[in-house]
Engineer: 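This structure is in structure tokens; I'll ask about it shortly.
For reference, positions follow the sequence shown, starting with 1.
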Amino acid sequence: MNAPTTFVVPGATRDIAEFAANLQYADIPDDLILNAKQCIRDSLGCGVFGAPTPWVQAVVRTVNLLGQKPTASAWGMKVKVDPLGAAFINGTAAQGYELDDCHDQSMSHYGAGVVPAVIASSEGAFGAFDGKDMIRATVAGYELGTRIGNTVSPSAFHRGFHPCGLTSTFGSAAAIAKLLDLDTDQYVSALGLAGSQAAGLMAAQFGAMAKRFHSGKASQNGIIAALCAREGLTGVRDVLEAPYGGFCSTYSSEYDLSFATNGLGSDWEMRRNGFKRYSSLASSQTSVDALRAIREKAGIKGEDVAKVRIGTTEMVFVHCGWPYVPNGETIGAQMNLPYTGAVTLLEGNAFIDQYTDDKLTDPTIIDLANRIEVYVDPELDAREKHQMRAVRVTVTMKDGSEHFHEQTYRSGHWRNPMSEEVLKEKFRDLASRQLTKEAVAEIERIIDNLENEEAPAAALGAALQQVR
């Protein structure tokens, strides 16, 4: 992968804060209004499905111990908590099964950071907000979060920091600062306070529930940043560009602040956000597409495969190319390309049912995973950032025959998008596993009509708690 140039833009923090503070609903293009609604709906489906998992329930018990005023809704369960607790729970749940949306260049998942904060903050504790307010806040959160994420990607990742914990914190703070209508000075402080709370370690990918928790904390911390800024607490005013102790200079060995400011207000970075078709990390999903294509075209069966070689970029290799070692943690399989490739060849998919507890130690899956080699292809590694997950896959059968497929963009990438109907089907599938049929339909109706809804957050909160 070509290394980014270290490039500082003086005043970058204030530039993006001023843009967001002045952003009006009328400034948002129609396609981004639709995109914001898609992001909200997708995040709700992911969060509702993630609600009963052990990692989310651990967070629920922790929040309940704190005993705050119950004004906001935990999705997919009959639990009311305070807005900070709701953002923490729902952010953890939305990232809870590797199904949430993904912005490829910044390597982060903004739905789990932005959407729980926006909905929890809109349910009544901080004022009355209509659907247009929520859309505007969501767009501000995604736009600033993705832009800030781009400045340090992939360098911060290679240093071992988890982008969701870093840049989703900015996304949440930007969204709530917009929801609260902070002025430019307050907005600058909200971003500065977000930067002081940004955290997350990539070692969690090898087996720790903490990876899901990073997005929940990012969502919660963004609310804290925006509220504190409104009350007069100042943050680092040049948090992005500060040469010592700033966000970029601390977390990244190489960064480019032009990604934060270039095309601001015209070339919308939110348009490059994507969605997930599979229940694994985004870096393995181009391989899933390639293996499914080979499986379909050649009519092969997983049990007849002798070995697989997957050429890809250094980022993908580091992110998920390590040998699969079962450790009883679902995340260890979801973040692992050999496991995901093996289960795709054997079962034809890498969705929810391919990561159940019994399959994590299935000897047939493990045997095939051990015969999948992931390596760095220098030519793919030299491509531009939007192709950082490209793969070349060769499947060798036990009879000696070979099958090849090259996949540049995963399903759901902005250059290989999922249709509106496919996204709706994904939401219905996930949400209906926890909620009543009537609740699923009501949530979809509210989101479809969001720009015309007067008090949508309360109605969504009620529907999200109609568990089966």
Side-chain angles (χ1 to χ4, degrees), residues 11-28 32 36 39-40 71-72 82-84 86-87 91 110 113-149 151 166-198 217-242 246-247 260-261 264-265 268-270 455-457:
T13 303
R14 189 169 188 85
D15 287 347
I16 63 173
E18 186 172 24
F19 160 76
N22 292 327
L23 179 66
Q24 300 302 314
Y25 183 82
D27 300 329
I28 303 172
L32 286 186
C39 290
I40 294 170
T71 59
D82 70 297
L84 292 180
Y110 296 94
V114 170
V115 176
V118 169
I119 293 180
S121 298
S122 300
E123 284 195 71
F126 304 146
F129 303 102
D130 62 22
K132 289 181 179 178
D133 293 328
M134 291 173 63
I135 290 171
R136 187 177 60 161
T138 299
V139 171
Y142 271 80
E143 188 65 16
L144 266 62
T146 55
R147 285 175 169 273
I148 293 170
T151 66
L166 302 189
T167 56
S168 285
T169 306
F170 285 103
S172 174
I176 306 310
K178 183 73 262 180
L179 194 70
L180 299 176
D181 265 332
L182 301 193
D183 64 28
T184 299
D185 288 337
Q186 293 170 321
Y187 216 116
V188 167
S189 281
L191 296 178
L193 293 168
S196 290
Q197 298 177 89
K217 282 298 294 175
S219 190
Q220 181 186 63
N221 289 345
I223 298 175
I224 293 172
L227 286 174
C228 286
R230 186 181 69 172
E231 298 305 315
L233 186 67
T234 57
V236 178
R237 292 178 176 87
D238 57 349
V239 67
L240 298 182
E241 63 270 24
F247 174 72
T261 57
L264 195 61
W268 294 82
E269 189 60 31
M270 188 180 180

Engineer: Once side-chain contact (heavy atoms from CB on, under 4.5 Å) is applied, do any residues pair with A12, and if so which ones, sequence neighbours excluded?
Structural biologist: V9, E241, L257, T261

Engineer: Go through L240 and D238 one step at a time and tell me if the side-chain contact (heavy atoms from CB on, under 4.5 Å) criterion holds.
Structural biologist: CA-CA 6 Å; L240 298 182; D238 57 349; over 6 Å; no

Engineer: Going through the distances and angles, do L32 and Y142 end up as a side-chain contact (heavy atoms from CB on, under 4.5 Å)?
Structural biologist: CA-CA 11 Å; L32 286 186; Y142 271 80; over 6 Å; no

Engineer: If you compare all heavy atoms of W268 against all heavy atoms of D27, which two are closest, and at what distance to 0.1 Å?
Structural biologist: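 That closest heavy-atom pairing would be CZ2-O, 3.8 Å.
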
Engineer: Determine the minimum heavy-atom distance between V114 and A175, stating which atoms define it.
Structural biologist: CG1-CB, 3.9 Å

Engineer: Distance check, rounded to the nearest 0.5 Å: I176 atom CD1 versus S219 atom OG?
Structural biologist: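 If I round to the nearest 0.5 Å, the distance is 7.0 Å.
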
Engineer: Specify the closest pair of heavy atoms between A87 and A120, including all atoms of both residues, with the distance to one decimal.
Structural biologist: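 Closest approach of A87 to A120: N-CB, 4.2 Å.
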
Engineer: Would you indicate whether the side-chain heavy atoms of T71 and P83 approach each other to under 4.5 Å?
Structural biologist: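 They are in contact (side-chain heavy atoms under 4.5 Å apart), so the answer is yes.
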
Engineer: Identify, with sequence neighbours excluded, every residue that meets side-chain contact (heavy atoms from CB on, under 4.5 Å) alongside L84.
Structural biologist: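 Partners of L84 under the side-chain contact (heavy atoms from CB on, under 4.5 Å) test: D82, Q220, I223, I224.
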
Engineer: Any non-hydrogen side-chain atom of I40 less than 4.5 Å from a side-chain atom of T138?
Structural biologist: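 Touching, per the 4.5 Å side-chain cut-off.
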
Engineer: Measuring from atom OG of S168 to atom CD1 of I148, what distance do you get when rounded to the nearest 0.5 angstrom?
Structural biologist: 11.0 Å

Engineer: What pair of heavy atoms forms the shortest contact from A137 to V118, and how long is it?
Structural biologist: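 Nearest heavy atoms, A137 then V118: CB-CG2, 4.2 Å.
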
Engineer: Please enumerate all residues that pass side-chain hydrogen bond (donor to acceptor under 3.5 Å, both in side chains) together with E269, with sequence neighbours excluded.
Structural biologist: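 With neighbours one apart ignored, the set is H103, N150, R272.
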
Engineer: Less than 3.5 Å apart, which donor and acceptor atoms pair up between the side chains of residues 123-135 and the rest of the protein, not counting sequence neighbours?
Structural biologist:
| unit_1 | atom_1 | unit_2 | atom_2 | d |
| --- | --- | --- | --- | --- |
| E123 | OE1 | S73 | OG | 2.8 |
| E123 | OE2 | S73 | N | 2.9 |
| D130 | OD1 | K132 | N | 3.1 |
| D130 | OD1 | D133 | N | 2.9 |
| D133 | OD2 | D130 | N | 3.0 |

Engineer: Main chain of E143, side chain of T146: is a donor-acceptor contact present, judged purely on distance under 3.5 Å?
Structural biologist: yes

Engineer: On a heavy-atom basis, which atom in Q197 and which in A225 lie closest, and how many Å separate them?
Structural biologist: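 Heavy atoms only, the tightest pair is NE2-CB, 3.8 Å.
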
Engineer: Which atoms form the tightest heavy-atom contact between A218 and S172, and what is the distance?
Structural biologist: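 Here A218 and S172 meet closest at O-CB, 3.5 Å.
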
Engineer: Just distance, no hydrogens or angles: give the donor-acceptor pairs under 3.5 Å from side chains in residues 177-194, sequence neighbours left out.
Structural biologist:
| unit_1 | atom_1 | unit_2 | atom_2 | d |
| --- | --- | --- | --- | --- |
| K178 | NZ | A20 | O | 3.0 |
| K178 | NZ | A21 | O | 2.9 |
| K178 | NZ | L23 | O | 3.0 |
| D181 | OD1 | R136 | NH2 | 3.3 |
| D183 | OD1 | D185 | N | 3.2 |
| D183 | OD1 | Q186 | N | 2.8 |
| D185 | OD1 | R14 | NH1 | 2.9 |
| D185 | OD1 | R14 | NH2 | 2.9 |
| Q186 | OE1 | D183 | N | 2.9 |
| Y187 | OH | A174 | O | 2.5 |
| S189 | OG | G235 | N | 3.2 |

Engineer: Applying side-chain hydrogen bond (donor to acceptor under 3.5 Å, both in side chains), name anything that partners T167, two or more places apart in sequence or on another chain.
Structural biologist: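 Once residues adjacent in sequence are excluded, the partners of T167 under the side-chain hydrogen bond (donor to acceptor under 3.5 Å, both in side chains) criterion are S108, Y110.
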
